[in-house]
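Down below is the structure, laid out as C-alpha cells.
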Amino acid sequence: MIVLFNCTCAVPTTMDSFHPVPVKVNPDLQKERDAALFNPVELTYLKDGGKDKTERRRRCELLAINDPDLQHKDISFMARNERYSNAVRKAVIIARKIKEHRLTNMEEKQLYISAATQYDTYGFGLHYGMFLPALSAQCDEEQRNYWLPLAENLKILGTYAQTELGHGTFIRGLETTAIYDPKTEEFVLHTPTLSALKWWPGNMGKTATHAVVLAQLYTNGKSYGLHPFIVQLRSLENHQPLPGITLGDIGPKLGFHSFDNGFLGFDHVRIPRRNMLMKYSQVSPDGFYIKPIHAKLTYSTMVEARVTLVSDIAYSLSQAVTIAVRYSAVRRQTEQIKGVKEPQILDYRTQQLKLFPYLAAAYAFTFTSFVITGRYIEVQNEMNDGNMESLSELHALSAGLKAFTSYVGNEGIEVCRLSCGGHGYSQASGFPELYTLTAPISTFEGENTVMLLQTARYLMKCATTAKRGLELPRFVLYLSQRQKGQCPARNESDLLDHGLLSDAFEHRARRLVIEAAQKMQSNIGKGNPQHVAWNNCHMYLLKAASAHCHFYVVQTFVKYINDTEMSDAVRDILTSLCQFYALHGIWQNAGDFLQDGYMNGNQLDMVQSLVGKLLDKIRINAVALVDAFDFRDEILCSKLGKYDGNVYEAMYEWAKNSPLNKTEVHDSYNKYLRPLMQSSKAKL
Ligand SMILES: CCCCCCCCCCCCCCCC(=O)SCCNC(=O)CCNC(=O)[C@H](O)C(C)(C)COP(=O)(O)OP(=O)(O)OC[C@H]1O[C@@H](n2cnc3c(N)ncnc32)[C@H](O)[C@@H]1OP(=O)(O)O
Ligand SMILES: Cc1cc2nc3c(=O)[nH]c(=O)nc-3n(C[C@H](O)[C@H](O)[C@H](O)COP(=O)(O)OP(=O)(O)OC[C@H]3O[C@@H](n4cnc5c(N)ncnc54)[C@H](O)[C@@H]3O)c2cc1C
C-alpha cells in the first residue's frame, strides 16, 4: 500500500506561523503555546537573519513540500534497494526543479534540497557536498572552465575518493599511487594492495561517473605526497566501469541506507597530465614538480566540509529537541495524587534535566555556526588573495568545533530518543533516521578524537608563542592573558552575570591548555621522543582542546546576545538559556572548576541551585523555544513531534501502513506456524 506524506498544501498557513492551521490542537500543547512569555516567530526571524530571510526559507521549503512529484511512501517501509532507487529518482527531480524554480543562490538550493530529501540522504550529496567544492578549490582557471560547467550541469556526477580500506585518518599513509609518465604525459593510477582500495566514498558504489581521487604523486622517481586528481570511473554511454577500474557498493551500514558508499580499485589506469588538479601544485609536461605555497592546501576541501558540519549538527539537534519537547508536553504518565490527571512528563525535573541542556546547546551551536561560517568566508577571501596566514587557525577551529559539537549532538539526539520512552524507539518517532544520519559526523571528515588532537596541537604551539610574549590570533588571545585568581561570585545573582560565566570558561580553558603544555614539556624533559610524549599526554591534550571549544561556544553565545538587536522578551529568554548552558556546563564539569581552587564548594552549590531555578524559566517557554526552530511536520518527519500534538492518532495511522499489515494472515502462518501448531496439538 502506498502512503503519501500528509500533503497539507491545501490548508492555509497564517502569516506568522509556517504551519497549516490544524483542525484540532492537543490542548496540552495549546496551553504551552498560550503560556509562553515571548513570541516564537521573533526568535525564528532572528535565527534566520531577518523576517525576509525566514519568508524566503519558507517559500523554498514549501516549493519542495507541496510538490506531488517529490511525494512517496515512508522510507521506513522501504528495503535498501528501493531506498537507493528512490533517492536517485528524487535527486534527479530535485535537479530539474531547482532549474524550473530558478533557484540560483546556493543557500536557496540547500534549503530546497533539505526540504525535498526530508530525513533521507540526498542522492547527489557527495557531488554537491564534496566533489564540486573540491573542484572549485583545487582546479586552476583553465580546469575550472572545463570541469565546473560539466559538474554544475550534472553532465558528470562526482564523489570524493580519499579514504582507503587501510587508512582513513592517517592520510599521509594512503597507498594509491599516481606515477607520472612524461613519455605519454599521463599519470598512471594504481591500487598496489588490498588495503589501498578506496573504501567509503559516498555515491561511489553505483552513482558517480567521476571522482576526485587523492593519490601519492610520483614524478621523476621522487614521491611528493598526496595530491588530487580527477578520474572518470564509468562510461558516460552505459555507466559500465571503465577498463582497469573496479567499483562496487560496500554493503549495508548502521544508517545511510539510501547511500551507495563504495569501493574503488585502479589497475594501472592512465589519465591525462591535466587531470591533476593544479591550482596549488603542478607537474610540467617534462615531469618537473612545482610545490604549493602551503603544504596542507590539498586538505582544504575537508576544512570547508567541517565548517558545514557544525551547522548540520545544530540543525539535527534542533530537530531532536523539537520532537522530544513537544512529545513531553502531550505525554502524561504516573498519577501523583489519586484521581488527579497524571502530569505532563515535561513537568518532571529529570525530564527537564535531560532535554533543556540540549535545547540550550541547539541554540548555542546555531549561533556558533554563524560565527565559524563567517570566519571561513573571511579566511577564504584572504587565501584567494594569496595570504595563507590564517589557514592553520581555521583548521584548528573547524576541526575542534566539528568534534565538540558532534559529540554533544550525537549524545543529545540519543538522550532525546530515550526521553520519549518506548515510542522513541519506533521509526515513527523520527529518531532512528535522525540518529543514524547524524552519528557518522563524529567519524567522517576526521574522526573526532583525532580532530580534537589537531586542535590541541595548535593550542600547544599557541601556548609556547604566548610564553614568548609574541602575538596570537584573536580566538586564542586569551592564552596570553594572566590567570585571574579566584571566581569572584559571592551570591547567585553574581553567577548569572554573562561576563563572569564566560570568564570562568576562559579560566578553565587557559588552565587546561597550559597544564597540557607543561605535561608535554616534562614528558619531553624526561627524554621521551615527541610522539611518545604526545601519546603519554593524550588525556590532557584532549581535555584542553575540548575546554577550548566549550569556552568558544559559551563566549559566542554571550557575544551574540550582547551584539544582536532583539525584543526584551526574546532577550530575556535567550539570556536564561545562555545562563543555563554555561551553568549546566560548570555543574557537569565541576571537577575542572574546583581542581585549582578557581571555584569553591559554596559556589558550586549556588551553581547547582541556579540550574534548578532556571529549569522553571525554560519550562514555561520550552514549547515556544522549539516552535521557533520552525520545522514543518513534513521536514521533521516525526509522529511524536507533530505541530498539532495529535500523537496517538498519528502513530496508529502510521502503524496501519506497515507492510506486515497488508494481509490479516501472513504467509509465514501457512508455511511455518500452522504445521508447528498442528503437530503440537497432536502431541497434547
Ligand atoms: C547543495 C549542497 C547540498 C549538500 C549536501 C551535503 C550532503 C553531504 C553528505 C556528506 C556525506 C559525508 C561525507 C564524508 C566525506 C569524508 O569523510 S572525506 C574523508 C575525510 N577524511 C579526513 O577527514 C581525514 C582526517 N585526517 C586528516 O585530516 C589528516 O590526516 C590529519 C589528521 C589532519 C593529519 O595530517 P598530517 O598530514 O599527518 O599532518 P600532521 O603531521 O599531523 O601535521 C599537522 C599539520 O598540518 C596542519 N593541517 C592539518 N590539516 C590541515 C588542514 N585541513 N588545513 C590546514 N592545515 C592543516 C596542521 O595545522 C599542522 O600544522 P603544523 O602544526 O605542522 O604547523
Ligand atoms: C558514513 C560515512 C561516509 C563516509 N564518506 C566518505 C567519503 O565520501 N569519502 C571518503 O574519502 N571517506 C569517507 N568516509 C570515511 C571517513 O572519512 C573515515 O572513516 C574517517 O576519516 C575516520 O578514519 P578511519 O576510518 O581510518 O578511522 P581510524 O583512524 O581507524 O579510527 C579508529 C580509532 O583509532 C583512533 N585513532 C586513529 N588515529 C589516531 C591518532 N593519531 N591518535 C589517537 N587516536 C587515533 C580513533 O580515535 C578511533 O578511535 C566515510 C565514513 C563514513 C562512516
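Counting starts at 1 for both ligands and their atoms, following the listed order.
For ligand 2, the atoms closer than 4.0 angstrom to any heavy atom of Leu453 are 42 (N), 43 (C). Residue-ligand proximity, Gly202 to ligand 2, at heavy-atom distances under 4.0 Å covers atoms 7 (C), 8 (O). Close approach of ligand 2 to Thr449 is summarised as follows: ligand atoms under 4.0 Å from at least one heavy atom of the residue are 47 (O). Less than 4.0 angstrom separates some heavy atom of Thr443 from each of these atoms of ligand 2: 19 (O), 20 (C), 21 (O), 22 (C). Atoms of ligand 2 found under 4.0 Å from any heavy atom of Gln162, numbered from 1 in the order shown, are 11 (O). Per-residue contacts place His538 under 4.0 angstrom from the following atoms of ligand 2 (heavy atoms of the residue considered): 42 (N), 43 (C). Below 4.0 Å from some heavy atom of Gly168 lie the following atoms of ligand 2, by number and element: 23 (O), 24 (P), 26 (O).
The nearest pair of heavy atoms linking Gly123 to Asn203 is O-ND2, 3.1 Å. Minimum interatomic distance between Met276 and Val283 (heavy atoms only, all atoms of both residues): SD-CG2, 3.8 Å.
Side chain of Arg417 to backbone of Pro432: no donor-acceptor contact under 3.5 angstrom is found.
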Handout entry: Audit row: Ile441, Thr405, side-chain contact (heavy atoms from CB on, under 4.5 Å) steps and yes/no
Key = CA-CA 10 Å; Ile441 299 181; Thr405 56; over 6 Å; no
Problem - Pair Glu152-Lys109, salt bridge (charged side-chain N to carboxylate O under 4.0 Å, His left out): steps then yes or no - result: CA-CA 12 Å; Glu152 279 163 356; Lys109 278 189 198 173; over 6 Å; no
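Between Tyr160 and ligand 2, an N or O atom pair is found at a separation short of 3.5 Å. Among the atoms of Thr159, none of the N or O lies under 3.5 angstrom from an N or O of ligand 2. Looking at Glu447 next to ligand 2, an N or O pair under 3.5 Å apart turns up.
Remark: of the listed residues Thr191, Thr246, Leu197, Thr191 is the sole one forming a side-chain contact (heavy atoms from CB on, under 4.5 Å) with Phe266. Each of Val231, Thr159, Leu233 was scored for a side-chain contact (heavy atoms from CB on, under 4.5 Å) with Leu264, with one residue passing: Leu233.
Side-chain contact check for Phe629 versus Gln319: every heavy-atom pair is 4.5 Å or farther apart.
Between Arg59 and Glu108, none of the side-chain N atoms (NZ, or NE/NH1/NH2) sits under 4.0 Å from a carboxylate O, so this pair counts as no salt bridge. Of the charged side-chain nitrogens involved, at least one lies within less than 4.0 Å of a carboxylate oxygen, so that Arg56 and Glu107 count as a salt-bridged pair.
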Which protein N or O atoms sit under 3.5 Å from any N or O of ligand 1? Give each pair with its distance.
{"from": "ligand 1", "atom 1": "17 (O)", "to": "Glu445", "atom 2": "N", "distance (Å)": "3.0"}
{"from": "ligand 1", "atom 1": "21 (N)", "to": "Gln162", "atom 2": "NE2", "distance (Å)": "3.2"}
{"from": "ligand 1", "atom 1": "23 (O)", "to": "Arg306", "atom 2": "NH2", "distance (Å)": "2.9"}
{"from": "ligand 1", "atom 1": "23 (O)", "to": "Gly446", "atom 2": "N", "distance (Å)": "2.8"}
{"from": "ligand 1", "atom 1": "26 (N)", "to": "Thr169", "atom 2": "O", "distance (Å)": "2.8"}
{"from": "ligand 1", "atom 1": "28 (O)", "to": "Arg306", "atom 2": "NH2", "distance (Å)": "3.3"}
{"from": "ligand 1", "atom 1": "30 (O)", "to": "Thr169", "atom 2": "O", "distance (Å)": "2.6"}
{"from": "ligand 1", "atom 1": "30 (O)", "to": "Ile171", "atom 2": "N", "distance (Å)": "3.4"}
{"from": "ligand 1", "atom 1": "37 (O)", "to": "Arg172", "atom 2": "NE", "distance (Å)": "3.3"}
{"from": "ligand 1", "atom 1": "37 (O)", "to": "Lys296", "atom 2": "NZ", "distance (Å)": "2.7"}
{"from": "ligand 1", "atom 1": "37 (O)", "to": "Tyr299", "atom 2": "OH", "distance (Å)": "2.6"}
{"from": "ligand 1", "atom 1": "38 (O)", "to": "Arg172", "atom 2": "NE", "distance (Å)": "2.8"}
{"from": "ligand 1", "atom 1": "38 (O)", "to": "Arg172", "atom 2": "NH2", "distance (Å)": "3.1"}
{"from": "ligand 1", "atom 1": "41 (O)", "to": "Arg172", "atom 2": "NH2", "distance (Å)": "3.1"}
{"from": "ligand 1", "atom 1": "42 (O)", "to": "Gln454", "atom 2": "NE2", "distance (Å)": "3.2"}
{"from": "ligand 1", "atom 1": "43 (O)", "to": "Arg457", "atom 2": "NH2", "distance (Å)": "3.4"}
{"from": "ligand 1", "atom 1": "50 (N)", "to": "His395", "atom 2": "NE2", "distance (Å)": "3.3"}
{"from": "ligand 1", "atom 1": "63 (O)", "to": "Arg457", "atom 2": "NE", "distance (Å)": "2.8"}
{"from": "ligand 1", "atom 1": "63 (O)", "to": "Arg457", "atom 2": "NH2", "distance (Å)": "3.4"}
{"from": "ligand 1", "atom 1": "63 (O)", "to": "Lys461", "atom 2": "NZ", "distance (Å)": "3.0"}
{"from": "ligand 1", "atom 1": "64 (O)", "to": "Arg457", "atom 2": "NH2", "distance (Å)": "2.7"}
{"from": "ligand 1", "atom 1": "65 (O)", "to": "Lys461", "atom 2": "NZ", "distance (Å)": "2.7"}

